[in-house]
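See below for the structure under consideration.
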Amino acid sequence: MPASSANRLVSSVAPALRAVIFDLDGTLVDSRLDFASMRRAIGAPEGVGLLEHVEALACAQERQRAMEIIHQHEIAGARAACWMPGAEALLTRIHRRRTPTAIVTRNSREAARLTMARLRMPEIPLMAREDAAPKPDPEALLALATRWNIEPRYCAYVGDFRFDIEAAERAGMVPVLYQPGTGAGGEGGEGGEFAGRAYVVEDFERPPFWLLDP
């Protein structure tokens, strides 16, 4: 789907959007995670998700060790995390309007909760990797839509990486790619190759009207 088609898709459903779900790292916050270092530490090749690499390991002890390394990095990232420009004001405004809002992340629940607590995020639902199959599986997104009793097509999912776009597509939600000019990104890069399949938001300080006031 070309970018113009993706934009028309959002424009056509924007007046009916009723919920917004966000990714965490690389989207709402910059946790300064060094994914290259994490890959080297657990021996994960490029092009394979960290969690998928761990799941494919044959030895249970190796899987446990690899997950411990990932968790240590995530906790360190949570302690160093800061808001992406404009993200705090955007999330706060959407939440205050009582729009159903949530976070879906591939991080551990402990690391995500630490990030949310440190940055004093609103009390919104969190779905971490312990709660549902990790993205790009749409399980977490669909669970939230069911909880809210909102059809997926009236929900937007905002993320910075290809797993986010794929999860939104598989859930039947509006995919929104956060792609700031600074080049900040999540696991594996910016996901620019998926820009034509999602509505692109470059700046949370100047978000599109439909995302600010769904």
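Hydrogens, waters and symmetry mates play no part in the numbers below; they use all other heavy atoms, side chains included.
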Item checked: Listed partners of Asn107 passing side-chain hydrogen bond (donor to acceptor under 3.5 Å, both in side chains), at least two apart ->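 For Asn107, the residues satisfying side-chain hydrogen bond (donor to acceptor under 3.5 Å, both in side chains) (neighbours in sequence not counted) are Asp25.
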Margin query: According to side-chain hydrogen bond (donor to acceptor under 3.5 Å, both in side chains), who are the partners of Glu205, at least two apart in sequence or on a separate chain?
Written below: none
Check: For atom CD of Glu202, is the number of surrounding heavy atoms from other residues, nucleotides or ligands below 6.0 Å larger than 12?
Finding: no
Item checked: Verdict with supporting geometry, Ile70 and Met38, side-chain contact (heavy atoms from CB on, under 4.5 Å) -> CA-CA 7 Å; Ile70 291 173; Met38 295 168 70; 4.0 Å; yes
How many angstroms lie between [atom1] in [X] and [atom2] in [Y], if you round to the nearest 0.5 Å?
| X | Y | atom1 | atom2 | answer |
| --- | --- | --- | --- | --- |
| Ile69 | Gln72 | CD1 | CD | 7.0 Å |
| Leu50 | Met67 | CG | CE | 9.5 Å |
| His95 | Glu123 | NE2 | CD | 8.0 Å |
| Leu28 | Asp23 | CG | CG | 7.5 Å |
| Cys59 | Gln64 | SG | CD | 9.5 Å |
| Thr115 | Glu110 | OG1 | CD | 10.5 Å |

Any idea which heavy atoms bring [X] and [Y] closest together, and the distance?
| X | Y | value |
| --- | --- | --- |
| Arg63 | Leu57 | NH1-O, 2.7 Å |
| Met173 | Pro152 | CG-O, 3.3 Å |
| Val174 | Arg153 | CG2-O, 4.0 Å |
| Phe22 | Tyr157 | C-CE1, 3.6 Å |
| Leu114 | Ala78 | CD2-CB, 3.7 Å |
| Arg170 | Pro136 | NH1-O, 3.3 Å |

Looking at side-chain heavy atoms only, is the closest gap between [X] and [Y] below 4.5 Å?
| X | Y | result |
| --- | --- | --- |
| Arg39 | Glu46 | yes |
| Trp83 | Met121 | yes |
| Val201 | Val158 | no |
| Pro122 | Thr101 | no |
| Arg147 | Leu144 | yes |

For [X], salt bridge (charged side-chain N to carboxylate O under 4.0 Å, His left out) partners two or more places apart:
| X | value |
| --- | --- |
| Arg109 | Asp131 |
| Arg129 | Glu74 |
| Arg40 | none |

Next item on the list: Could you note down all residue pairs passing salt bridge (Lys or Arg N to Asp or Glu O under 4.0 Å) where residues 75-96 supplies at least one of them, sequence neighbours left out?
Entry: Arg93-Asp213
Are [X] and [Y] joined in one hydrophobic group, where the rule is that I, L, V, M, F, W and Y side chains link up if heavy atoms are under 4.5 Å apart?
| X | Y | answer |
| --- | --- | --- |
| Ile75 | Leu33 | no |
| Phe204 | Ile124 | yes |
| Leu142 | Phe163 | no |
| Trp148 | Met127 | yes |

Notebook entry, point to check: Between the side chain of Arg32 and the main-chain N/O of Ala80, is any donor-acceptor distance below 3.5 Å?
Noted result: yes
Notebook entry, point to check: Counting only N and O atoms by type, is there a donor-acceptor contact under 3.5 Å from the side chain of Glu139 to the main-chain atoms of Ala132?
Noted result: no
Next item on the list: Applying side-chain contact (heavy atoms from CB on, under 4.5 Å), run through Thr105 and Leu126 and close with a yes or a no.
Entry: CA-CA 8 Å; Thr105 177; Leu126 165 70; 3.9 Å; yes
Next item on the list: Applying side-chain contact (heavy atoms from CB on, under 4.5 Å), run through Asp164 and Lys135 and close with a yes or a no.
Entry: CA-CA 7 Å; Asp164 303 313; Lys135 302 170 294 183; 2.6 Å; yes
